[in-house]
Amino acid sequence: RRTRALQALQALGTAVERRNIAEFAEVLRRLHVIGGYSDTDLNRAFAGALDADPDGTESFLAEHMRSAPASMWDHDVAGVSEADWESQWLLPAEVVCLRSFPSCAELQQTSTSEATWQQSLGQIWLTYKLQGGPRAQVPGGWDAEDITVEMSQKGLKVSLAGIPMRELTGELAEEIWRKDSWWAIEEGEATLVVTMFKRKLRSWASPWHVPGGVHLRR
């Protein structure tokens, strides 16, 4: 399975470089069936095309990634419960979602105080280094029981021991797919990671919206 996935990824990269829409759509469908690849694998498949023509490649991907099977995109199918969607879409980090691919380098990551963010055109990740907690046996002193993460289509609120965290709370720059998004603690590094899936395939200037339409400075 892994070998077949890597072969398909190579073909996917070639289709992007050639701007071959039909071939690209066919390989996407094949990958959806095969599985067995990661976000990193997918990004590597696009790396050559992005290096050669960043703007053209991003435009091609933004337009044609939605040629993947409809089941990967439709979040409003009648008769499907929220629990079913969560079981289908809240996937482990190593499983790729085909809405994720590289963004412009200058917009991919930045940091403010203890919080850091990264993005692709389809996802945005917020990370926060945990420290100073009361649990001496846990790296950073905090575990999942101490953290509450609330998401809406346009907002995020993260609380630590019941206290909202300023760096991870506010109105988002644009809308997300709440049912797709999740959070986790990387225990070895004592880092909280919040993963959010964007509703529109494009880069954000910042994770946060500022009244008046002005985004936070990086």
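Along the sequence shown, residues are numbered consecutively beginning with 1. Since this is a predicted model, take the numbers as computed values, not measurements.
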E174 and its side chain to side chain donor-acceptor pair (under 3.5 Å) partner, picked from K200, R202, H209, Q153: R202
Taking the side chain as everything from C-beta on, heavy atoms only, tell me whether I185 gets closer than 4.5 Å to T191. no
Pairwise distance NE2(H64) to CG(L28) - rounded to 0.5 angstrom: 11.0 Å
Looking only at heavy atoms, which two atoms of A49 and E17 are closest? And how far apart? CB-CG, 3.8 Å
Test of understanding: with side chain to side chain donor-acceptor pair (under 3.5 Å), list the residues that count as partners of E189, not counting sequence neighbours. none
According to a hydrophobic-cluster definition based on side-chain heavy atoms being under 4.5 Å apart (Ile, Leu, Val, Met, Phe, Trp, Tyr only), do V138 and W183 belong together? no
Among residues at least two apart in sequence or on other chains, which ones pass side chain to side chain contact (heavy atoms under 4.5 Å, CB included) with A161? W142
Roughly how far apart are S59 OG and L201 CG, rounded to 0.5 Å? 12.0 Å
Return the CH2 to CZ distance between W177 and R199, rounded to the nearest 0.5 Å. 4.0 Å
Please tell me if the side chains of M151 and M196 come closer than 4.5 Å, counting only heavy atoms from C-beta onward. yes
Quick one: does F46's side chain get under 4.5 Å of V16's, heavy atoms only? yes
Would L6 and Q10 count as a side-chain contact (heavy atoms from CB on, under 4.5 Å) if you check the C-alpha gap in whole Å, the side-chain angles of each, and the deciding distance to 0.1 Å? CA-CA 6 Å; L6 293 176; Q10 184 176 3; over 6 Å; no
CG (D55) and CZ (F60) are apart, to the nearest 0.5 Å, by 15.5 Å
Are any non-hydrogen side-chain atoms of Q119 and S203 less than 4.5 angstrom apart? yes
Once salt bridge (charged side-chain N to carboxylate O under 4.0 Å, His left out) is applied, do any residues pair with R19, and if so which ones, sequence neighbours excluded? D53
Going by salt bridge (charged side-chain N to carboxylate O under 4.0 Å, His left out), name the residues that satisfy it together with E175, two or more places apart in sequence or in a different chain. none
Tested for side-chain contact (heavy atoms from CB on, under 4.5 Å) against L126, the lone hit among T116, V158, L156 is L156
Answer whether the closest heavy-atom distance between the side chains of I176 and S181 falls below 4.5 Å. yes
Answer whether the closest heavy-atom distance between the side chains of R29 and E26 falls below 4.5 Å. yes
Worked check of ring-ring contact (aromatic ring centres under 6.0 Å, His included) between Y128 and W117: CA-CA 9 Å; Y128 185 90; W117 64 279; over 10 Å; no
How would you list all residue pairs meeting salt bridge (charged side-chain N to carboxylate O under 4.0 Å, His left out) that involve residues 133-143, not counting sequence neighbours? R135-D143, R135-E145, R135-D146
Among I124, L172, D180, find the residue that satisfies the side-chain contact (heavy atoms from CB on, under 4.5 Å) test when tested with K198. I124
Over all atoms of both residues, closest heavy-atom pair of A173 and S206: CB-O, 3.2 Å
Kindly compute the distance separating CG (L168) from CG (L160), expressed to the nearest 0.5 Å. 9.5 Å
Tell me every residue that passes side chain to side chain contact (heavy atoms under 4.5 Å, CB included) with A11, counting only those two or more places apart in sequence or in another chain. V27
According to salt bridge (charged side-chain N to carboxylate O under 4.0 Å, His left out), does anything in residues 149-160 pair up with another residue at least two apart or in another chain? List the pairs. K154-E171
Validation row: F24, L61 side chains within 4.5 angstrom (heavy atoms): yes
Could you measure the distance from the CG atom of L192 to the OG1 atom of T127? Nearest 0.5 Å is fine. 8.5 Å
